[in-house]
Structures are given as structure tokens and as C-alpha cells.
Amino acid sequence: MSLRIPLAKPEITDADREVVLAVLQTPHLSMGPKLTQFEDAMAAYLRCPFAVAANSGTSALHLAIRALDIPRGADIVLPSFTFSAVLNVLLQEGLRPVFAEIDPATFNVTPETVEALLCDRTAAIIVVHTFGRPAPVDRLSTLARRKNIALIEDACEALGAEINRQRVGTFGDAGILAFYPNKQIITGEGGMLVTSRRTIADRARRLRNQGRDPGLDWFQHVEVGYSYRLSEMNCALGASQLRRLEETIERRQTLAARYDRKIAEIGEALLPSLSAENGRISWFSYVVLMPEWMDGSGRDFIAKQLLQKGIQTGRYFAPLHRQPVIRNSVPAELVVTDSVAGRALALPFFNQMAEAEVEEVCTALAKALSDLRGRRM
Ligand SMILES: *Cc1c(COP(=O)(O)O)cnc(C)c1O
């Protein structure tokens, strides 16, 4: 059976293609005017003073950790229910991950689960806005300030999400964005660090380009840096996509609302709530929780049934504390994370998805759920 409804699909318009082709008519393929345009447009959109583009979200996170001078060996508090990018950067930098439990209704950490883990070894909190739902960064930033530790927001899945009309990514010392083809805006590969602190932005710009001071002579190499520049083609595409981000967010909101109505009718799978407390969700993916009676093998049965009908689903996320790379060295007991990770299923979700396709996915999901129930009787 061929794949008819994919999990995600990038939307590239004629306008997007034109701006990329236009870059190819110029001699500026890196570190040129499109970089400045994309960074300035993002800073304006987020109402945040500084934006520093990088060649991936993971690179941007690495720049943030280095620009904040977080000492090796320190504890960093983060969720386990997230993407491996975050863990990789910590392990590369010799930092110790300490995993905070999540709230199953939001998939996010809470000020309470984070605060319980803070100690005098803690240097930073990395909070992830999971699936586009804003985590309570307003309260987490108060906590971080009170404890005199850094707060990094991983907003890679949540560009445009807000709390009290302030856009996520701008609450902490640094925020991270990503533009991989399944995100709200796409550059192929790409990411960005945003911050209100000039020293962090300047340091990140230097680290991104081999540790060379941009204001000084080309050969003024002042510290160990990286090759994390984002090409002009990527930047042009990003700036073009950013222009219609609000439309994209609205479109995805409509799709999510459609899903919610249909899935409520099934009455089996648990829904994530449609609204965020004091805020706005920028839908990244639409994830449902399978009912409590179902274990991981039940969820896999459902995924397989849908795939047989050409509908792709995803198991987001495999918890970090269970990964072979660390599971023996970083013990953690996370009952909620394990339960959520075993039951979460991401359904197809992309800008151009037709409402009829949403209906089709939900009908197939209802059928698979009732088949599974039948088997258990
Ligand atoms: C996408 C994503 C990233 C960054 O991914 P890259 O592939 O490096 O751009 C980081 N954190 C989270 C939570 C993500 O979803």
C-alpha cells in the first residue's frame, strides 16, 4: 500500500522558489544580505532584539550553551520526553542531564517538577515547548532568576506560540528555533538563536563562524569556534516562509480543531487540550494519547493498521532516559514520561492537509481502536 497521507509535508510556494533562485543569480551564497534579512525579520516577529541564524536547531542550542559559558560537569535540567538533539549537545559539552517529569495534559515540564531537581550543581534549565504548546516559561524564568541559573527555551517546535501575548523563545537568556522540513517554517536545514542580551548574540555570531570576530580582521581568530553558518539560499527561503507564518499558524489551528471534534466523537483516545493556559499554541504536530488500557504494543498495532491504509503516524518521543547512549549512566525514574511515551501517537499534520483527510484519518483510527478492543475481549 502506498503512502497516501504522510505524517508531515513541507509547503513550498512559487514565491519561495523565486527567492531561492534569485539568490543563485548573485555571487553571495553565504554571509550576505539574506542572512541579515532573515535574522532581522525573525527578531521583529518575536519582538526580540537579537537573532543569530545557524545551520540547524541543534547548532543553535550548542551556540547558546557555549555563549552562556556553562561550565563542564554542571547539571542541566530538561525533559526526557523530547528530541535527542538536546541530549546530544549536553553530552558533547560534558554536561550532566537531569530529567524533569512532564504534565501529561500538556506534554511539558512544570515549575514544580523542575524546581524539585534544582541543586547547587544546576547551571541551567532547558525548557522545551513540546509539539508547539507553550510551557510555563513565565513562571520558569522567575524561578531561574531567583536561583541565579540560566534558562534556555527550546522553541524549535513552537515558533509563534505565546504566553500573555509574548512569543516563546524570548522569556529566557536564549531561545532556540529550527527550520527542518517538518517545522512551522522551513529552510531545508536551519536554526536560530534569539536573545535579548547583546553579549550572548555577539558571542554566538563569533562561535558560528570559527571563533572569528566579525568586526575585526578576517584572520582575527579569538576562540575555538564552529562552522555553523546558514547559507543565503536557506535564509532567503526562511524569510519568505516567515512572511506567511501567521497564516500557517491559523491554518494549523483550523486543522487541529477539526481533529479535536472528530476525535472527541471516537471517545477513546485522549485529546491534548486545544487551548493553552494564558497563551496560544502554534501547532507543530497533532499528538493523541491512546487510552490507559492500551500498552505500547496496542499503540503499535494501531499505527500498523493505519499504515495499511496509507496513513503514516509517528511515535513521538522515545524518552531520552531510556536511550542506550545514557540509560546505564544516568538513572532516572519517570513514571509519567514512560506512560505518555508508550501511548503517544502523532497523526498526519501539515499545512495543505485537506479536512477530508483529517476525517479519513479519524475514521481509520476509530476502526483500529475498535478492532483492538475486539481482540482484547
Ligand atoms: C527540531 C528540534 C530541534 C532541532 O533540530 P535540528 O534538526 O537540529 O534542526 C531541537 N529540539 C527539538 C525539541 C526539536 O523538535
Side-chain angles (χ1 to χ4, degrees), residues 7-10 38 42 51-66 76-93 95 97 99-100 102 106-109 124-135 137 140 151-161 168-169 171-172 174-194 204 207-208 226-231 234-235 237-238 241-242 248 252 272 281-287 314-321 323 337 340-341 344 346 349-350:
L7 185 56
K9 187 155 89 181
F38 187 30
M42 186 62 78
V52 181
N55 60 0
S56 74
T58 309
S59 303
L61 179 60
H62 193 196
L63 293 176
I65 297 271
R66 294 278 287 107
I76 309 291
V77 177
L78 75 160
S80 169
F81 187 69
T82 194
F83 184 52
S84 48
V86 188
L87 179 61
N88 265 329
V89 171
L90 300 189
L91 298 179
Q92 286 158 10
E93 283 299 307
L95 296 163
F99 295 115
I102 53 169
T106 64
F107 304 119
N108 284 326
V109 298
I125 302 164
I126 300 179
V127 56
V128 181
H129 301 284
T130 313
F131 306 142
R133 189 177 302 266
V137 268
L140 283 163
L151 177 68
I152 299 173
E153 282 177 82
D154 180 333
C156 290
E157 300 178 2
L159 179 58
V168 303
F171 286 83
I176 302 305
L177 306 168
F179 315 120
Y180 190 76
N182 62 350
K183 314 273 176 177
Q184 288 90 331
I185 77 169
I186 295 161
T187 63
E189 298 286 355
M192 210 174 280
L193 176 156
V194 297
L207 290 167
R208 149 179 91 180
Y226 310 95
S227 185
Y228 285 172
R229 298 170 308 272
L230 187 64
S231 89
N234 298 102
C235 291
L237 182 53
Q241 294 248 330
L242 181 55
T248 300
R252 292 168 87 95
I281 300 173
S282 170
W283 289 89
F284 165 62
S285 58
Y286 190 90
V287 176
R315 297 187 309 172
Y316 291 174
F317 289 103
L320 300 180
H321 72 284
Q323 299 312 307
T337 294
V340 166
F349 196 74
F350 47 91

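Keep in mind that what you see is a predicted model, and the values were worked out from it rather than measured. Computed over heavy atoms, backbone and side chain alike; hydrogens, waters and symmetry mates excluded. Counting convention: from 1, in listed order, for ligands and their atoms alike.
Side chain of Gln184 to backbone of Glu157: a donor-acceptor contact under 3.5 angstrom is found. Listed for the Ser80 side chain is a donor-acceptor partner under 3.5 Å among the backbone atoms of Leu320. Put simply, the side chain of Ser59 never gets that close to the backbone of Ala54: no donor and acceptor are under 3.5 Å apart.
Proximity to Gly57 (heavy-atom distance under 4.0 Å) selects the following atoms of ligand 1: 4 (C), 6 (P), 8 (O), 9 (O). For ligand 1 and Ala178, the ligand atoms under 4.0 Å from any heavy atom of the residue are 4 (C), 9 (O). Each of the atoms 13 (C) of ligand 1 lies under 4.0 Å from some heavy atom of Thr82. Interface atoms of ligand 1 facing Cys156, defined by a heavy-atom separation under 4.0 Å, are 2 (C), 3 (C), 4 (C), 10 (C), 11 (N), 12 (C), 14 (C).
Counting only heavy atoms of the protein, atom 8 (O) of ligand 1 lies nearest to Thr58 OG1, 2.4 Å. For atom 15 (O) of ligand 1, the closest non-hydrogen atom on the protein side is Glu157 OE2, 2.6 Å.
With rounding to the nearest 0.5 Å, the separation of NZ in Lys183 from CG in Leu159 is 11.0 Å.
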Anything under 3.5 Å between a donor and an acceptor, one on a side chain of residues 82-90, the other on a protein residue two or more places apart or in another chain? List them.
none

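For Arg208, the salt bridge (charged side-chain N to carboxylate O under 4.0 Å, His left out) partners two or more places apart in sequence, or in a different chain, are Glu39.
In this comparison of Val89, Leu177, Asp154, the heavy atom closest to atom 12 (C) of ligand 1 sits on Asp154. Considering only non-hydrogen atoms, atom 2 (C) of ligand 1 lies nearest to Lys183 out of His62, His129, Lys183.
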